[in-house]
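Values below: all heavy atoms of this structure, side chains included; hydrogens, waters and symmetry mates excluded. One-based numbering, in listed order, for ligands and for the atoms of each. Sequential numbering from 1 along the given sequence is applied to the chain's residues.
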Amino acid sequence: DLGIPAARPSPPRRVSRQLMVGSVPVGGDAPVSVQSMTTTVTADVDATLQQIAELTAAGCQIVRVAVPSADDADALPAIVARSTIPVIADIHFQPRYVFAAIDAGCAAVRVNPGNIKKFDDRVGEIAHAAKAAGVSIRIGVNAGSLDPRVLERHGKATPEALVESALWECSLFAEHGFDDLKLSVKHHDPMVMIAAYRQLAQRCEYPLHLGVTEAGPRFQGTIKSAVAFGVLLAEGIGDTIRVSLSAPPVEEVKVGTAILESLGLRPKRLEIVSCPSCGRAQVDVYRLAEQVTAAFEGFETPLRVAVMGCVVNGPGEAREADLGVSSGNGKGQIFVRGKVVRTVPESQIVEALVEEALNRDWSETGE
Ligand code: SF4
């Protein structure tokens, strides 16, 4: 006994109600879904649909579009009709756009009660219209636009304040018999966000939409989202995710998908495993890893491909890879499931890996 604690099994998924966002189930035992938001002017129907198509191709399952003006609301029917994934209308300020979105056939509406004056007075009407149309609603509480009444009580956007705001709005909908709600309590600080979602998870059974708001540019936003979502999802908390990046939304989908893959919540498609390089490396590992990643872009077979910088540890270190290369003396040893199958000049490594990937029957088990 080395005194090392045994690995704990993952805790079970938090119990939540399931609702539908169009054709995509969210909550309950539904797989955690990835969503994003368009950055086009929504009223520009062609540009918005083009971006939705790009997001869909990247694996986005639900898309949200901002509806800040009447022109945007008017564009919703055409967007909904031609999008192949469910469309959520994102409404701040104007309750009348909520009704326009429901009439347009949007799969769901996101409202930010903190930004809608007299929202509480309109909840009954909104609940009635949404129920009649089978539309679900996300109550999206954001640290930056917290309900002023809640902000006054708590002084700032604490986890308790975010949760109180979300649950208060839920209670208004519940009074009208409307339960198809999902909730988000976003904050830019992952630690505050994690605390808020943990509290919310304990206090209700509504499905949860995870997000770190204003997470930042690509690198910082990726790190913050991966850390926060990783903690929560590993605890079984979270039913749909949106990574917010100051970057093209396709990047958000790629990051969100990779987070789910890394947590084992979605089957990996292709994984490139590359060594960090060290003083033993006999090839430019960084460049080779990039070339291999580019060559395998879009490859659907769920292979793990290893790129190792030297032959000393190459196949051994990557024994769990399906396919890989270890480099040395200007050559690459190509290995399949830990066994060297051929040796090629360095310039042909990428080509040889692709050939091996294409020419084998990967449905056979390795052992
Ligand atoms: Fe260093 Fe070789 Fe290991 Fe890469 S595979 S980290 S080069 S020892």
Please compare Gly328, Ala281, Ser326, Ser274 and report which has the shortest non-hydrogen distance to atom 7 (S) of ligand 1.
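It is Ala281 whose heavy atom sits nearest to atom 7 (S) of ligand 1.
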Working note: Glu271 + Arg304, criterion salt bridge (Lys or Arg N to Asp or Glu O under 4.0 Å); need CA distance, chi angles, decisive distance, verdict.
CA-CA 5 Å; Glu271 185 180 13; Arg304 181 176 292 182; 3.0 Å; yes
Side chains of Gln51 and Thr38: do they bring a donor and an acceptor to under 3.5 Å?
no
Only heavy atoms of Arg280, strictly under 4.0 Å: list the atoms of ligand 1 that pass.
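Contacts of ligand 1 toward Arg280, numbered from 1: 8 (S).
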May I ask you to list the atoms of ligand 1 that are less than 4.0 angstrom from any heavy atom of Cys275?
4 (Fe), 5 (S), 6 (S)
How close does the nearest protein non-hydrogen atom get to atom 3 (Fe) of ligand 1, and which residue and atom is it?
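For atom 3 (Fe) of ligand 1, the nearest protein heavy atom is Glu317 OE2, 3.1 Å.
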Give me the nearest non-hydrogen protein atom to atom 2 (Fe) of ligand 1 as residue plus atom name, then the distance to 0.1 Å.
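Ranking protein heavy atoms by distance from atom 2 (Fe) of ligand 1, first comes Cys310 SG, 2.3 Å.
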Does CZ belonging to Arg153 count more than 12 external heavy atoms closer than 6.0 Å?
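Above 12, so yes.
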Under a 3.5 Å distance rule, please check whether Ser136 uses its side chain to pair with a backbone N or O of Met20 as donor and acceptor.
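Side chain of Ser136 to backbone of Met20, a donor-acceptor pair under 3.5 Å: yes, one is there.
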Look up atom CZ in Phe335 and atom CG in Leu353, then write down how far apart they are to the nearest 0.5 Å.
8.5 Å
Between atom 4 (Fe) of ligand 1 and Cys278, is there an N, O or S atom separated by less than 2.8 Å?
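It does not: Cys278 brings no N, O or S atom closer than 2.8 Å to atom 4 (Fe) of ligand 1.
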